[in-house]
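Letters A, B, ... mirror the listed sequences (proteins, then strands); counts begin at 1. Note that the structure is a prediction, hence the values are computed from the model and not measured.
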Amino acid sequence: MNHIAPGAQAGVYRYDEIDRQFVAERVEQFRAQVARRLSGELTEEEFKPLRLMNGLYLQLHAYMLRIAVPYGVMTSKQLRKLAEIGRKYDKGYGHFTTRQNLQFNWIKLEETPEILNELAEVDMHALQTSGNCVRNVTTDQFVGAARDEIVDGRVYAEILRQWTTLHPEFTYLPRKFKIAIMGAESDRAALRTHDVGVLAKRNEAGEPGFTFYVGGGLGRSPFVGKLIREWVAEEDFVAYLEAVLRVYNQYGRRDNIYKARIKILVHELGQEKFTAEVEEEFARLRGPKYRLDPELVAEIRKRFGAPAFETLPTVSDSFEKAKAQNAAFARWVGVNVAEHKAPGYAIATISLKPAGGIPGDATSEQMELVADLAERYSFGEIRVSHAQNLVLAHVRQDDLFTVWQALEANGLGTPNAGLIGDIIACPGLDYCALANARSIPLAQDISARFADPVRQQAIGELGIKISGCINACGHHHVGHIGILGVDKKGEEFYQITVGGDPTLTTAIGDILGPAITADETVDAIEAIVEVYLATRSDGERFLDTLKRIGHGPFKERVYAAH
Amino acid sequence: MALKAITANRLRDGTVVFLGANSTWVEQLADAALFEGAEADAPLAAAKAQAEGEQFGVDVYAFDVTVADGEILPVKARERIRALGPSVRTDLGKQAAA
């Protein structure tokens, strides 16, 4: 953190020369490593951890490069570069992920150093997107714009990025480590499913502080993060996280990959003992060295800057008129547009989930369109949500109709944010070397079945999340309806869970019954929805009805034919 | 006894390849050499040594196939997808060139 140049200015957070030099050096380091691998100086065993440190995986069909989008925020220029790389080095598209990153699926090892070099030109990289390190810190996709925001989480996410990059103690953790930070009333970052979930808030004096949840995680053994401290003052933010990581580094199970995540440590030690260990370490660390200087925080905040919002009326006449005259636009606004903190502005979610489409995929042309729209209408800034959508966070209400028309004309105007068609799905067996079953075709079939936007809106808030294996990259454990792909003698089957909840009232879904085929799964989703619609009381969400009537009626209906 | 084919990913670009006749690597499963059960062990060991020794391929392994109407078909869904390309993008991968 000590390399932040005092007085530096930027709208979106920008690198200084030290950042740029560091990334450039890493590119050249990897270029040399690739050359040594191709010449045979390095074996695959020696090379694999090096390529993973640069976000390069080997998947079913080719190498996959996972590019970091720090806390899901990027500029138009950066998105255009991603589009260009997609066209030049991949097959004209990319996949936005649940960690707010972007993956390319058809990368060549021999071209990767040049890709990283091009990324560095726009202050991007693929560091900390793989390996047993602190991964890209995620946050609220509405950060800095949401009306319910209390603290801007980007500032602290950036502090963590700088603090964890090259930190010698955190380069070889027992296992990967995922941190999410939220600073609003609503949890839009699935905080308690992370190794560490940080809820930023303010005390009565208006000072920022943080609640820490530790030991959450999905995967083979899902756990909900435990509250270990209600209030950590801003100046202790880094010290407290360092204490958590030190306890993990010391006691984490390096002997067994399935027990190596911090969630297992917290579970095995117990919340009380784990918390005591952290507090003891925190007491040792607390002091000038780890104190987060308010001036430093202010400096980083300045680097983000605030968009120069115009003074606008709360209600836009042209916006209201457009809604009255165009039902499709009004529907999109009702579903995909959220309230902005600045009068006259709005937050627009761009769905990457067209009916029958591949969740999270965007073509290079679509990326360029979004980059153009962001530049013209949203201060040149784009966000990636953990739900695999894009967000224009600062659009004038007056401009929403124009933005929507452009999106609609390019397959990006689907009105389904937060609805049944807004399915989170991992790449699954179509791309992933770890998967047991395909996720995408099931998502396509379900979204096609529920394509009618009027029906989707009538169903209301209902999140389906699909994972192609127990690693749970599709977050199926916390889907209102979760679907897990399993392998039975080489064939794909799917296990349905219900009752998962990714918000602060986090819950892991319960298995509804035996795994079924893909075709049966689409019908099962329909059956679950029918039971819900037939039994819900006024204003009840799916989760409310499920809680009231239990799993029985849903299970009975789904397995009636079995 | 199960028939087996041997596969790898090409080191420089990750492309899926199969061991063909005379220990050469081919890009199409149709051109792959087939082995009866344990007969695959020796060529698999040799292929691993060759792939690593010549910096040609990584992740070398054998997988089960059947032959129907002269066509080689992987038994498992994973290998079927690997041999063809993503089922959701039939315009990409080996299936696109077929």
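Only the backbone of S39(A) comes within less than 4.5 Å of a heavy atom in chain B; its side chain stays farther off. In this structure, chain B has heavy atoms under 4.5 Å from both the backbone and the side chain of L60(A). At a 4.5 Å heavy-atom cutoff, the contact between Q444(A) and chain B is made by side-chain atoms alone. With a 4.5 angstrom heavy-atom cutoff, R37(A) touches chain B via backbone and side-chain atoms both. In this structure, chain A has heavy atoms under 4.5 Å from both the backbone and the side chain of V16(B). Proximity to chain B is limited to the side chain of I358(A), based on heavy atoms less than 4.5 angstrom apart.
Side chain of Y63(A) to backbone of R12(B): no donor-acceptor contact under 3.5 angstrom is found.
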Steps toward side-chain contact (heavy atoms from CB on, under 4.5 Å) verdict (L92(B), Y93(A)) | CA-CA 12 Å; L92(B) 302 177; Y93(A) 71 104; 3.5 Å; yes

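Interface with chain B: from residues 428-437 of chain A, residues L429(A), D430(A), Y431(A), A433(A) qualify, criterion being any non-hydrogen pair under 4.5 Å. Residues of residues 76-91 of chain B lying within less than 4.5 angstrom of chain A, judged on heavy atoms, are K76(B), A77(B), R78(B), R80(B), I81(B), R82(B), G85(B), P86(B), S87(B), V88(B), R89(B) in numerical order.
Your options are E110(A), K48(A), H61(A), E492(A), and the one with the most heavy-atom pairs under 4.5 Å with chain B is H61(A).
Around atom OH of Y61(B), more than 12 heavy atoms belonging to other residues, nucleotides or ligands sit under 6.0 Å away.
How far NZ of K108(A) is from OG1 of T15(B): 6.5 Å, rounded to the nearest 0.5 Å. Atoms CD and CD, on E52(B) and E45(A) in that order, are 9.0 Å from each other to the nearest 0.5 Å.
Here the side chains of L11(B) and E44(A) are in contact, with some heavy-atom distance below 4.5 Å.
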